[in-house]
Amino acid sequence: MKRLLLLVLGALLALTGCSTGHSAVDVNNGGEFRFVAGTPAGSVIPVSKRAAAPTFSGTLLDGSRFSSTSLGGKVAVVNFWGSWCPPCRVETPEFQQVYSQDAGKGVTFLGINVKDDHQLAEAFLTSKGITFPSLFDPRGEVALAFRDYPANAIPSTIVLDREGRVAAVYTAAVTQNDLRTVLDAVTKEG
């Protein structure tokens, strides 16, 4: 009987450890249970349902200090990436193209490099010709600041509106066309 009870308990523990994916419960938001999901490709969160993004700061890969308050008044694309991430190798150069073309439209980009080695991250940016800044966050502290949004999957991308509110969330690689659709919509807002 005792053995059966232990087997049942073990099975229950194994099942609770498998609660990830589109219906994952975010339990890192002050004890509340909340289902989190990314926005569908090319769509934005309605303005009335947007929440303010958390403030964060840190050191960029070039060694300079960064504060998210510097993003105010601009539409911002915040991309969580790692040099070890195969989808990032495709997505990041596409982001560079959009960054280069949309910089004059009040759009800025910020990479958040996570779980990576500083030299490998710098080499990745150099090899891909990336010129937008990236925050070095090897412990994933910025992703924790975004705990109400699924930013812990790599790659993840969060688009902020001019008021610093979360306008779109992607939990996988983003195509250039989807990103442009979202940025066009958000930059046209009042």
S.K.: Strictly by modelled atom types, are N177 and T175 linked by a side-chain donor-acceptor pair under 3.5 Å?
M.R.: no

S.K.: Give, for atom OH of Y99 and atom CD1 of I130, the distance between the pair rounded to the nearest 0.5 Å.
M.R.: 10.5 Å

S.K.: Go through the structure and list residues passing side-chain hydrogen bond (donor to acceptor under 3.5 Å, both in side chains) with T59, not counting sequence neighbours.
M.R.: R65

S.K.: F132 versus V77: any side-chain heavy-atom pair under 4.5 Å?
M.R.: no

S.K.: Give a yes or no on whether the backbone of L61 and the side-chain of H118 come within a donor-acceptor separation of less than 3.5 Å.
M.R.: yes

S.K.: Side chains of K74 and R162: does their closest heavy-atom pair fall under 4.5 Å?
M.R.: no

S.K.: Does this structure show an ion pair linking E163 with R165, if we count only N-O contacts that are shorter than 4.0 Å?
M.R.: no

S.K.: In the structure I gave you, are the side-chain heavy atoms of C88 and I154 within less than 4.5 Å of one another anywhere?
M.R.: yes

S.K.: Taking L60's backbone N and O only, do any of them form a donor-acceptor pair with S64's side chain (distance below 3.5 Å, no angle check)?
M.R.: no

S.K.: Which atoms form the tightest heavy-atom contact between S83 and N113, and what is the distance?
M.R.: N-ND2, 4.1 Å

S.K.: Please check this pair: side chain of D102 against backbone of K105, looking for a donor-acceptor N/O pair closer than 3.5 Å.
M.R.: no

S.K.: Hey, what do you get for CD (E141) to CD1 (I112), rounding to the nearest 0.5 Å?
M.R.: 11.5 Å

S.K.: Using a strict 4.0 Å threshold on nitrogen-to-oxygen distance, state whether E189 and R50 make a salt bridge.
M.R.: yes

S.K.: Calculate, to the nearest 0.5 Å, the distance between atoms CZ and CH2 belonging to R89 and W84 respectively.
M.R.: 10.0 Å

S.K.: What distance do L135 atom CG and S67 atom OG have between them, rounded to the nearest 0.5 Å?
M.R.: 10.0 Å

S.K.: Is it the case that the side chains of T131 and Q96 hold a donor-acceptor pair, with the cut-off being a distance below 3.5 Å and no angle test?
M.R.: yes

S.K.: Tell me, do V75 and T108 make a side-chain contact under 4.5 Å, heavy atoms counted?
M.R.: no

S.K.: Quick one, S134 and L110 - any side-chain contact, counting heavy atoms below 4.5 Å?
M.R.: no

S.K.: Would you name the heavy atoms of A173 and P155 that are closest together and state the gap between them?
M.R.: N-CG, 3.7 Å

S.K.: Ignoring hydrogens and geometry, is there a side-chain-to-backbone donor-acceptor pair from S127 to F124 under 3.5 Å?
M.R.: yes

S.K.: Who pairs with F56 by ring-ring contact (aromatic ring centres under 6.0 Å, His included), at least two apart in sequence or on another chain?
M.R.: F146

S.K.: Any chance you could measure Q176, atom CD, to L183, atom CG, to the nearest 0.5 Å?
M.R.: 10.5 Å

S.K.: I need the minimum non-hydrogen distance between G140 and V114, along with the two atoms involved.
M.R.: CA-CG1, 4.2 Å

S.K.: Taking side-chain hydrogen bond (donor to acceptor under 3.5 Å, both in side chains) as the test, write out the residues that go with N79, two or more places apart.
M.R.: E91, T157

S.K.: Determine the minimum heavy-atom distance between A168 and I45, stating which atoms define it.
M.R.: N-CD1, 4.2 Å

S.K.: Under 4.0 Å between a Lys/Arg side-chain N and an Asp/Glu carboxylate O for K115 and D137?
M.R.: no

S.K.: Are the side chains of D116 and W81 in touch, meaning some heavy atoms are under 4.5 Å apart?
M.R.: yes

S.K.: Between CG of D184 and CG of L179, what distance do you get to the nearest 0.5 Å?
M.R.: 9.5 Å

S.K.: Is any side-chain heavy atom of I158 closer than 4.5 Å to one of Y170?
M.R.: no

